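Model, not experiment: these values are computed from the prediction. Lettering follows sequence order; numbering is per chain, from 1.
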Amino acid sequence: MAKFYITTTLPYINAEPHLGFALEIVRADALARAHRLAGDEVFFNTGVDEHGLKVWRKARELKMEPQDYCDQLALSFSNLKDLLNLSWDNFIRTTDPHHEAATQEFWRRCAANGDIYKQHYQVKYCVGCEMEKTESELVNGFCPLHPGQELELIDEENYFFRLSRYQNRLLELYNTRADFVLPAARLQEIKSFTLRGLQDFSISRLSSKLPWGVPVPGDSSQVMYVWFDALVNYISALGWPEDSDNFSAWWPGVQIAGKDNLRPQALMWQAMLMSAGLEPSRQIFIDGFITAGGQKMSKSLGNIIGPQELTKYFGIDAVRYYLLAQVNDNDDGDYSPERFKEVYEADLANGLGNLFSRLGNLAWRHNLAPIYPHKDNELYNKVIQLLYNWHFNQAIGEIWSKFRELDKILTQEEPWKMKAEEAQACLKPLIQQLVDASYCLTIFLPQSAAKILDFFSHTAHDKPEPLFPRLNYL
RNA sequence: CGCGGGGUAGAGCAGUUGGCAGCUCGUCAGGCCCAUAACCUGAAGGUCGUCGGUUCGAAUCCGACCCCCGCAACCA
């Protein structure tokens, strides 16, 4: 029995969860379920990233203690488990004492390896934006949003991580493992970024300015930069460092992340692992973004969609279906209420829902004997293979092709015109196929699949309940 | 000439090695009546971004150009 470790990134906790993170975690969930179905032992990790400047500020703005603020928002994220029917095994919070201790040990190992040093850190700071600005963001030396305002120069001593030292080893990693980062274009992106040369980056902040972070070991005047701390969760979640048996049983793991996370996950984190003497990740899959009506979701546009708004109305599986089947595997995908409704009506209500209704009613009418899934059916093997290669759209598409095929056969054979015995003989193989396909469907739409499997697992006493009610009735 | 991705039917996409342009949705017409006014069949709809080249043959290979979108360091 193989072991499979998958983890999402830890979403930063300065806002409520949105559809983009829902995409990431539903995909991770599908993959975790696929591996469990295939008999693998699975550890599925997620959680929240709670340190850093933005959380600190947000809490102050709300006149709350940072920890209280985090406790409150962490709940919104852990509630996703029920909201989206997720099967994670572990929910880690970066304020968890074990994680903080692990992060400090990780720091010590990088330091022992000579990769952490202290240096002056200079950066321009725009008071108008209240943000640090890089040279490339400036226009004529001024912030484009506040051109009348002089930039402040921040000059403080921080700890730096010797990223520059790992350029060649990272390139070797990218060159020898063609599927280390998927889709391939993302690997290319990070490769060419690395080829341009890597600079060391600062991994601490003055605790007098930002007290909300993990203390740097042996220097109480500094806290760790939030990235350094957050990335370590992927192994602290496994009990690293003290539970080395558990750690080596599961690591290296598979990571899934949004495209804004390419560099931290595929570059910084990998260099950090090398520095600490640990194996690189097994594979990293990069998601696109979900746009809303063609526009980027953003607070200023006020077009941020949360998963709960959709599940409340359409149900969990409708949202899971949209994310897994309708959002492009390798690119950005769009959400719009019109499109969502269209897909709901066409694929779910008129598609699977109606097919189940047709076959369910006929089974009930003819007192059909129970039918159980063949676990190792042809469709299953195809779906699992596609999924292992991160082809979510195609994998779920294969199942829907089967549903369409069954609708066609049913119309051609017209079992409702047959006598009882003949009808039973006609229906049995059709329902067997629906049941087999539903077994595969447990990966994607666990709730609906369970309803179908349950209905046919005994002789029906009643007509089937609608799986996906038409919108007029919602 | 910074690096990369992309431009295929009204919409969203697929087209592995060049060989009759496909899928889903939507639209229109017909059929069916088991089913959630659902299902099935058929039709309309495309200069495959533009121009040139290679070839018996190009969405696919080559060249030039136009347009869109990422990335170009610490944004958590």
Pairing of [X] and [Y] as salt bridge, 4.0 angstrom limit:
{"X": "A/R186", "Y": "A/E189", "answer": "yes"}
{"X": "A/K408", "Y": "A/E405", "answer": "no"}
{"X": "A/K402", "Y": "A/D436", "answer": "no"}
{"X": "A/D200", "Y": "A/R165", "answer": "no"}
{"X": "A/R27", "Y": "A/D287", "answer": "yes"}

Rounded to whole Å, how long is the line connecting atom [atom1] of [X] with atom [atom2] of [N]?
{"X": "A/N361", "N": "B/U36", "atom1": "CG", "atom2": "C1'", "answer": "10 Å"}
{"X": "A/R263", "N": "B/G70", "atom1": "CZ", "atom2": "P", "answer": "15 Å"}
{"X": "A/E345", "N": "B/A11", "atom1": "CD", "atom2": "P", "answer": "22 Å"}
{"X": "A/Q188", "N": "B/G70", "atom1": "CD", "atom2": "P", "answer": "19 Å"}
{"X": "A/H391", "N": "B/U16", "atom1": "NE2", "atom2": "C1'", "answer": "11 Å"}
{"X": "A/R205", "N": "B/C75", "atom1": "CZ", "atom2": "C1'", "answer": "11 Å"}
{"X": "A/I396", "N": "B/C13", "atom1": "CD1", "atom2": "P", "answer": "17 Å"}
{"X": "A/D334", "N": "B/C68", "atom1": "CG", "atom2": "P", "answer": "19 Å"}

For [N], does either OP1 or OP2 sit under 4.0 Å from a side-chain N or O belonging to [X]?
{"X": "A/K408", "N": "B/C39", "answer": "no"}
{"X": "A/Y322", "N": "B/G12", "answer": "no"}
{"X": "A/R365", "N": "B/A35", "answer": "yes"}
{"X": "A/R470", "N": "B/A37", "answer": "no"}
{"X": "A/R404", "N": "B/C39", "answer": "no"}

Please tell me which of A/D49 and A/K417 maps to the more 5' nucleotide of RNA chain B, matching each residue to the nucleotide holding its nearest heavy atom.
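Looking at RNA chain B, the more 5' nearest nucleotide goes with A/K417.
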Residue whose nearest RNA chain B nucleotide is more 5′ - A/I203 or A/S192:
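First, find each residue's nearest nucleotide; the 5'-ward one identifies A/S192.
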Separation between the [atom1] atoms of [N] and [M], rounded to whole Å:
{"N": "B/G22", "M": "B/U60", "atom1": "C1'", "value": "15 Å"}
{"N": "B/A21", "M": "B/A58", "atom1": "C1'", "value": "12 Å"}
{"N": "B/G53", "M": "B/A14", "atom1": "P", "value": "30 Å"}
{"N": "B/G2", "M": "B/A72", "atom1": "C1'", "value": "8 Å"}
{"N": "B/G45", "M": "B/C40", "atom1": "P", "value": "24 Å"}
{"N": "B/C71", "M": "B/G63", "atom1": "P", "value": "27 Å"}
{"N": "B/C48", "M": "B/A43", "atom1": "P", "value": "22 Å"}
{"N": "B/G49", "M": "B/C39", "atom1": "C1'", "value": "39 Å"}

Watson-Crick or G-U wobble partner for [N], using a 3.5 Å limit on both distances?
{"N": "B/A14", "value": "none"}
{"N": "B/A73", "value": "none"}
{"N": "B/C61", "value": "B/G53"}
{"N": "B/U41", "value": "B/A29"}

For A/Y322 together with A/F314, are the ring centres under 6.0 Å from each other?
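Not close enough - the centres of the two rings lie 6.0 Å or further apart.
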Before we go on, tell me: are the rings of A/Y234 and A/W269 under 6.0 Å apart, centre to centre?
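Centroid separation for A/Y234 and A/W269: below 6.0 Å.
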When all nucleic acid strands are considered with a 4.0 Å heavy-atom cut-off, which category describes [X]: base, sugar-phosphate, or nothing?
{"X": "A/G351", "result": "nothing"}
{"X": "A/S357", "result": "base"}
{"X": "A/L355", "result": "nothing"}
{"X": "A/G353", "result": "base"}
{"X": "A/L467", "result": "base"}
{"X": "A/F356", "result": "nothing"}
{"X": "A/N261", "result": "base"}

Out of [options], which has the shortest distance to the side chain of [X]?
{"X": "A/F468", "options": "B/G2, B/A73, B/U36", "result": "B/U36"}
{"X": "A/Q199", "options": "B/C39, B/G12, B/A73", "result": "B/A73"}
{"X": "A/A346", "options": "B/C75, B/A73, B/C25", "result": "B/C25"}
{"X": "A/Y225", "options": "B/C3, B/C75, B/U36", "result": "B/C75"}
{"X": "A/R358", "options": "B/U36, B/A73, B/C34", "result": "B/C34"}

A/I190 vs A/Q265, test: side chain to side chain contact (heavy atoms under 4.5 Å, CB included). Steps then yes/no.
CA-CA 10 Å; A/I190 199 70; A/Q265 309 301 333; over 6 Å; no
hbond_proxy A/N350 side chain to B/A38 base (donor-acceptor, 3.5 Å cutoff)
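When only heavy-atom distances are counted, A/N350 does not reach the base of B/A38 through any donor-acceptor pair under 3.5 Å.
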